[in-house]
There are 2 protein chains.
Amino acid sequence: MARSNQSQFALLGLLSFGAMSGYDLRQLSGWSVGHFWRESYGQIYPTLKKMAAEGLVRRKTEVNPGRPDRHIYELTAAGRKELYRWLERPPTVEVPRNELLLKLFFGGLVPPGVSAEHVSQRREQCRQELATYRATRERLEKEAAKDPQKPFWLMTLNYGEHIARAEANWCDETLKELGEKKRQTKRN
Amino acid sequence: MARSNQSQFALLGLLSFGAMSGYDLRQLSGWSVGHFWRESYGQIYPTLKKMAAEGLVRRKTEVNPGRPDRHIYELTAAGRKELYRWLERPPTVEVPRNELLLKLFFGGLVPPGVSAEHVSQRREQCRQELATYRATRERLEKEAAKDPQKPFWLMTLNYGEHIARAEANWCDETLKELGEKKRQTKRN
DNA sequence: CGTAGCATGTAAGTTGTTACATGATTCG
DNA sequence: CGAATCATGTAACAACTTACATGCTACG
């Protein structure tokens with residue numbers, strides 16, 4: 001068992017940037033680790049509670065007049081230690097499920113236009129992702145120009161760009177092949 | 001709700017190649033869709049049972065003397081129809097979690113050697129994946145030379161190769177950057 | 001005045017993994 | 001003779017998503 005609670009470590013990591021609320025964690029994760037890691041509120045709030053009970057984080061309540069209270073979570077020494085121990089363990093790889101590929105694998109069962117449409121949509125998504133990466137890069141250059149952690153953030157961004165470009169290229173190649181298939185089918 | 005039971009469709013798809021047992025499904029998925037889709041027995045057997053109850057598959061028992069019985073599952077007309085309907089729906093994308101990137105994102109918290117070691121291990125995994133793809137490609141050329149579905153299988157294989165190469169390149173670049181970082185750290 | 005954002009959380013359901021249980025046969 | 005493969009399945013649990021519930025404020 002022990003699937004080792006990855007969400008927990010993601011949150012611990014984000015909290016290393018400073019004390020935050022569950023809401024903040026969600027927002028921050030959106031533009032920082034958003035392209036390779038996402039957490040839902042339904043996951044964040046219970047995990048924070050559990051970590052507080054285990055002494056990995058400390059909870060403080062910030063009372064704001066005319067606004068909902070904010071529950072700010074802060075790393076404890078124990079939490080920081082856990083985080084470091086996790087960072088040093090080698091990451092485990094698992095096969096990511098890819099619905100597009102699964103459908104394409106069975107592409108022979110449906111008219112070729114169906115697969116082409118799926119790939120074409122993916123192509124467009126890649127284009128959008130690449131645009132987002134460019135924007136994030138500019139934002140990083142401005143807002144984190146001097147941050148010592150910036151190089152690491154750029155590395156993860158580079159990863160996204162490498163993969164998105166590769167995926168886009170594959171889409172283009174595949175669309176060409178599917179196009180030929182379509183013509184062949186029409187002739188028969 | 002309705003997370004739309006992806007595993008179910010994967011199994012329906014594999015069953016379109018012919019009637020099979022749960023065990024067979026697992027084996028077949030290993031080398032066919034293995035690099036982008038995996039199912040465990042704990043998922044396969046209950047799903048088959050459920051689909052049989054819903055009339056998407058038909059179960060036949062093959063009695064073998066001196067061996068465990070084999071439960072062979074076969075697509076029904078309803079199952080086939082469900083499969084086609086699913087194939088035509090546009091695939092949904094979800095952000096795949098990447099533990100390596102998550103650790104790298106927080107790389108500033110640990111000595112640079114730690115991140116380098118993680119990336120280096122990933123580099124080696126890419127090498128192995130590429131070797132597997134080459135082997136699968138050869139196997140496909142031989143064993144499925146005339147299969148009309150072969151082009152689709154090759155497309156999914158191409159995808160794997162594109163991504164693995166991109167990932168390998170990224171690893172190399174990143175290792176270089178991390179190497180420089182290490183030297184800088186040592187000098188300070 | 002409606003919508004979006006701020007802000008917290010719970011409940012119910014689904015999906016998936018891992019470990020366990022069983023027992024025969026084949027191969028080295 | 002021990003390990004791997006064939007073959008099926010269950011139980012326990014972990015993880016995650018979605019929808020719901022609440023209510024205020026700022027903005028157009």
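Bear in mind that the values here come from a model prediction, so they are computed numbers and not experimental data. Naming convention: chains lettered A, B, ... in sequence-line order (proteins, then strands); numbering from 1 in each chain.
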Residue-phosphate contact under 4.0 Å: B:Ser7 side-chain N/O, C:dG16 OP1/OP2: yes
Salt-bridge contact B:Lys49-B:Glu54 (side-chain N to carboxylate O under 4.0 Å): no
5′-ward residue of the pair B:Lys49/A:Arg38 relative to DNA chain D: B:Lys49
Closest nucleotide among C:dA7, D:dA7, C:dT17 to the B:Tyr23 side chain: D:dA7
Closest-nucleotide ordering on DNA chain D, the 5'-leading residue of B:His71 and B:Gln27: B:Gln27
Passing option when B:Phe105 is tested against A:Phe9, A:Trp153, A:Trp37 for ring pair (Phe, Tyr, Trp, His ring centres under 6.0 Å): A:Trp153
Distance test, side-chain N/O of A:Tyr45 to OP1/OP2 of C:dT8, below 4.0 Å: yes
Separation of D:dC16 P from B:Asn5 CG (nearest whole Å): 18 Å
Listed nucleotide nearest any side-chain atom of A:Tyr73, set D:dT8, C:dG9, D:dC6: C:dG9
Rounded distance (Å) that lies between atom P of C:dG5 and atom CZ of A:Arg70: 17 Å
Reported OG1-to-NZ distance for the pair B:Thr156 and A:Lys103, which is rounded to 0.5 angstrom: 15.5 Å
N or O in side chain of B:Ser40 less than 4.0 angstrom from C:dT18 OP1/OP2: no
Aromatic contact, B:His35 with B:Tyr133 (centres under 6.0 Å): yes
Minimum-distance nucleotide to A:Arg97 side chain [options: D:dA15, D:dC6, C:dG16]: C:dG16
Nucleotide of D:dG9, D:dA15, C:dG9 approaching A:Arg59 most closely (side-chain heavy atoms): C:dG9
Listed nucleotide nearest any side-chain atom of A:Gln43, set D:dG9, D:dA15, C:dG16: D:dA15
Length of the CD-C1' vector between A:Gln6 and D:dC16, whole Å: 13 Å
Lys/Arg cation over aromatic B:Tyr41: B:Arg26, 6.0 Å, 45° cone: yes
Sugar-phosphate, base or nothing in reach of A:Arg26, heavy atoms under 4.0 Å: nothing
